[in-house]
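Below is one structure, written out as structure tokens; comments come after it.
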Number of protein chains: 2
Amino acid sequence: MHIVLHNEAPVSRPAAVRCAQCAFRELCLPESLSDGEVNRLEQLIGRRRRVLRDDVLFRAGATGGMLFAVRFGHFKSVQRDRRGVEHITGFQMAGDMLGIDSIGTGQHASTVIALEDSEVCEISYEKLQDLLAEMPRLMAHFHRILGREILREQGVMGMLGNIRADQRLATFLLDLGERYASRGYSSRSFQLRMSREDMGAYLGLTIECISRQLATFRRHGWIALDKRAIELIRRDALVAIAEGLQPDQPHDARAA
Amino acid sequence: MHIVLHNEAPVSRPAAVRCAQCAFRELCLPESLSDGEVNRLEQLIGRRRRVLRDDVLFRAGATGGMLFAVRFGHFKSVQRDRRGVEHITGFQMAGDMLGIDSIGTGQHASTVIALEDSEVCEISYEKLQDLLAEMPRLMAHFHRILGREILREQGVMGMLGNIRADQRLATFLLDLGERYASRGYSSRSFQLRMSREDMGAYLGLTIECISRQLATFRRHGWIALDKRAIELIRRDALVAIAEGLQPDQPHDARAA
DNA sequence: CGGTCCCTTGAATATCATCAACGTAAGTGG
DNA sequence: CCACTTACGTTGATGATATTCAAGGGACCG
């Protein structure tokens, strides 16, 4: 029962494929829905939407009400503070949900931009509500999605709170790996879909700092890096760094 | 229609008072519920629960499933990372909801501790679900609460991301003031219910840094401070600091 | 009175941001 | 194919900023 997927951008699937056959079904649908229930949900799902690299899926301040499930590709969610500095609140990949930040206010709080050519399913929150009322398991699942998002953000808050640049970066890389693993990709070797600048805007660091930390990781042999292709060679070391167990130098840096 | 409340800990209200008369109704209930609907919700609400200062309302890892609405008092939500460092994910006051971080997993993600003698209403998420399915407006309201929490955490992430200690602290103080204002208290003058250490654990700063920044704010006359009583004297200056418009010295610090 | 908790302040250090220069790869147009 | 440009990334030098370590003050309590 292993999902076999390629790490490269999947080829476009025929439009006739629907939720029941979708490779990401377990990510965006509750496992416990009957076929009939899945059918009803499918009728709510609007068109697929292709989003090209650097295109905006929706913009902060725009009227919300639409939810999106990522079918393939990668996105970043960007918020701009008062003085124009951009912060990235998250990176989304296949199976992740977009647009839930508009539920409270009816307006999107962040601008979502595709990091590569991508595709999403579109669903109206208003119509979804009716279905949630009829299908308790779907409602519970929807709440789990919202709860997961709250937990994810709490984790990011903890990461940004206190720790050094190397810890943030190690945490970020390990987290990315785990997310790929849960989608059937390799957790050890993958492409960084975002620029160094994006990583910095997410981790609260400058681009130079990101670059230096990556260089340090590579110098120690924790990772291999070629442009945006990364391999986590020594996960144990990254975990140790992430936990702050080591200042920076494990054995050679000062002795050299 | 102004809510008049004291900034000191309110006296205990008789147990017979229910949601319909609750001073915080508009915070925890949708405005649009009929009396009958409010009645049905009230029947779900379990006992009130008093929580004394420093007592634990619930602990990270404990089985979730219970939601809490703060009636009066203040709480902090604490998460402990791998190496034992505590991060505070939020401070909750009257009308705020606690326990929603257990919705996704069934387990609480944070430990919630009372900062002073407090009281909460208790409601079972499982029972609430049944009602949500029957009452669309209640469901929409519940989603708004979850959405607000997501937005709040995004704001904190932005704050922790990039900015200097003085900006974080100014943002924090202004936010506290706004929250009191929305509850009918003064936004200008209030008690800090948490220790300097707690503020640091929330803002990602050390206790010494908090102390120094507060001293700087006071030296410049932005705030008045006596132990935990604070007055925001020059809100405009704090806003400017929060937005990063000034490095630190407005007119006198270097000239002196 | 002695002790604890919370807070403040000072001095030294570590860490990250900033400024600046340079490198590399991809694309454009001749 | 070769300048030229642009976007992205790397590296070094310097300085700002927060942490760490250390000491002490003040309130509260037994």
Side-chain angles (χ1 to χ4, degrees), chain A residues 53-54 76 83 85-88 113 115-116 159-172 191-219 223-230 241 244 246-249 253-254, chain B residues 53-54 76 83 85-88 113 115-116 159-172 191-219 223-230 241 244 246-249 253-254:
Chain A
R53 182 191 161 120
D54 292 330
K76 62 176 175 181
R83 65 189 187 291
V85 180
E86 288 193 343
H87 295 277
I88 292 182
I113 298 173
L115 294 172
E116 61 184 341
M159 181 175 69
L160 295 177
N162 225 331
I163 65 182
R164 289 190 315 268
D166 56 348
Q167 297 177 257
R168 297 188 200 191
L169 185 58
T171 304
F172 175 66
Q191 289 281 334
L192 297 167
R193 299 315 213 289
M194 69 295 294
S195 68
R196 306 285 194 268
E197 190 171 9
D198 286 341
M199 293 169 62
Y202 179 66
L203 296 172
L205 300 169
T206 59
I207 180 176
E208 295 97 330
C209 187
I210 298 286
S211 187
R212 276 187 252 268
Q213 294 298 335
L214 284 172
T216 303
F217 286 3
R218 185 175 43 186
R219 196 178 322 121
I223 64 172
L225 186 64
D226 177 29
K227 310 195 184 185
R228 294 191 180 179
I230 192 169
I241 291 290
Q246 326 218 20
D248 194 44
Q249 300 83 344
R254 189 166 26 207
Chain B
R53 182 191 160 121
D54 292 330
K76 62 176 175 182
R83 64 188 189 291
V85 180
E86 288 192 342
H87 295 276
I88 291 181
I113 297 173
L115 293 172
E116 61 184 340
M159 181 175 69
L160 295 177
N162 226 332
I163 64 182
R164 291 191 314 270
D166 57 347
Q167 295 177 258
R168 299 189 198 192
L169 185 59
T171 304
F172 175 67
Q191 289 282 333
L192 296 167
R193 299 317 214 288
M194 70 295 293
S195 68
R196 305 287 193 268
E197 191 170 8
D198 285 340
M199 293 169 62
Y202 179 66
L203 296 173
L205 300 169
T206 59
I207 179 174
E208 295 96 329
C209 186
I210 298 287
S211 188
R212 275 187 255 267
Q213 294 298 336
L214 283 172
T216 302
F217 285 5
R218 186 175 42 187
R219 197 176 322 120
I223 65 171
L225 187 65
D226 178 28
K227 309 195 186 185
R228 294 192 178 178
I230 191 169
I241 291 290
Q246 327 218 16
D248 194 45
Q249 299 83 342
R254 190 167 24 205

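Remember, it's a predicted structure, so these values are computed and weren't measured experimentally. Per chain, numbering begins at 1; letters A, B, ... match sequence-line order.
Between the CG atom of L169(A) and the P atom of dT15(C) there is a distance of 16 Å, given to the nearest Å. Between M199(A) atom CE and dG9(D) atom P there is a gap of 9 Å when expressed in whole angstrom units. Between the CG atom of D54(B) and the P atom of dC5(C) there is a distance of 12 Å, given to the nearest Å. The nearest whole Å value for the distance from the CD1 atom in I241(A) to the P atom in dT15(C) is 11 Å.
Looking at heavy atoms from C-beta onward, L205(A) lies out of side-chain contact with Q213(A) at the 4.5 angstrom threshold. Between D198(A) and R193(A) there is no side-chain heavy-atom pair separated by less than 4.5 Å. Between V85(A) and I163(B), every side-chain heavy-atom pair lies at or beyond the 4.5 Å cut-off. Side-chain atoms of I210(B) and L203(B), non-hydrogen and from C-beta on, do get closer than 4.5 Å to each other. M194(B) is not listed as a side-chain neighbour of I88(B), based on a closest heavy-atom distance of 4.5 Å or more. Here the side chains of F217(B) and L225(B) are not in contact, with every heavy-atom distance at 4.5 Å or above.
For the helix from dC1(C)-dG30(D) to dG30(C)-dC1(D), the terminal axes (five pairs an end, C1' atoms, rotation from four pairs onto the next four) enclose an angle of 30°, given to 10 degrees.
Atom CZ of R53(A) sits in a sparse spot, with 12 or fewer heavy atoms from other residues, nucleotides or ligands closer than 6.0 Å. Within 6.0 Å of CD on E197(B) lie no more than 12 heavy atoms contributed by other residues, nucleotides or ligands.
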Practice prompt. Determine, for nucleotides 6-14 of chain C in 5'-to-3' order, which nucleotides have protein heavy atoms under 4.0 Å from the base (write B), from only the sugar-phosphate (write S), or from neither (write -).
Written response: SSBBBB---
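Among the atoms of the strands shown, only primed sugar atoms or phosphate atoms (P, OP1, OP2) are found under 4.0 Å from some heavy atom of G204(B).
Side-chain nitrogen and oxygen atoms of Q213(B) include at least one within less than 4.0 Å of the OP1 or OP2 phosphate oxygen of dA18(D).
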